[in-house]
K.L.:
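I'd like to ask some things about the structure below.
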Amino acid sequence: MKTALLIAVLGGLLLVSVIGGLFVWWSLGDVDISLHGMIALTLGCLVSLLLGGGLMFLVFYSSRRGHDDDHHRGPEM
């Protein structure tokens, strides 16, 4: 039940943000973006998402493999 509620809430937030983004996009009116601009915008978003996802993967991978354990123990006396 909690999982279904979480998925419903996250889906609702996604829907609200997509609708808000479309509203802002359509309200710009006279702003024209060329095909090259759209390609650059799309590639920039994709690269940002991939970079963020890759960095998060490395954080979790490092944490689960124990690479950070030595730094958390502190200096030995």
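In what follows, every heavy atom counts, from backbone to side chain, and hydrogens, waters and symmetry copies are set aside.
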K.L.:
Indicate, with yes or no, if Ile39 and Val47 share a hydrophobic cluster defined by side-chain heavy-atom contacts under 4.5 Å among Ile, Leu, Val, Met, Phe, Trp and Tyr.
P.N.:
no
K.L.:
Within the 4.5 Å heavy-atom criterion, are Val18 and Phe23 side-chain neighbours or not?
P.N.:
no
K.L.:
Kindly compute the distance separating CG (Leu51) from CG (Leu55), expressed to the nearest 0.5 Å.
P.N.:
4.5 Å
K.L.:
Return yes if some donor-acceptor pair links the side-chain N/O of Ser48 with the main-chain N/O of Gly44 below 3.5 Å, else return no.
P.N.:
yes
K.L.:
What distance separates Ile33 CD1 from Leu28 CG, expressed to the nearest 0.5 Å?
P.N.:
8.0 Å
K.L.:
Rounded to the nearest 0.5 Å, how far apart are CG of Leu41 and CE of Met38?
P.N.:
6.5 Å
K.L.:
What distance separates Ser17 OG from Leu15 CG, expressed to the nearest 0.5 Å?
P.N.:
8.0 Å
K.L.:
When clusters are formed by joining ILVMFWY residues with side-chain heavy atoms under 4.5 Å apart, either directly or through shared neighbours, do Leu14 and Trp25 land in the same one?
P.N.:
yes
K.L.:
Say you draw a straight line from OG of Ser27 to CG of Leu22; how long is it, rounded to the nearest 0.5 Å?
P.N.:
10.5 Å
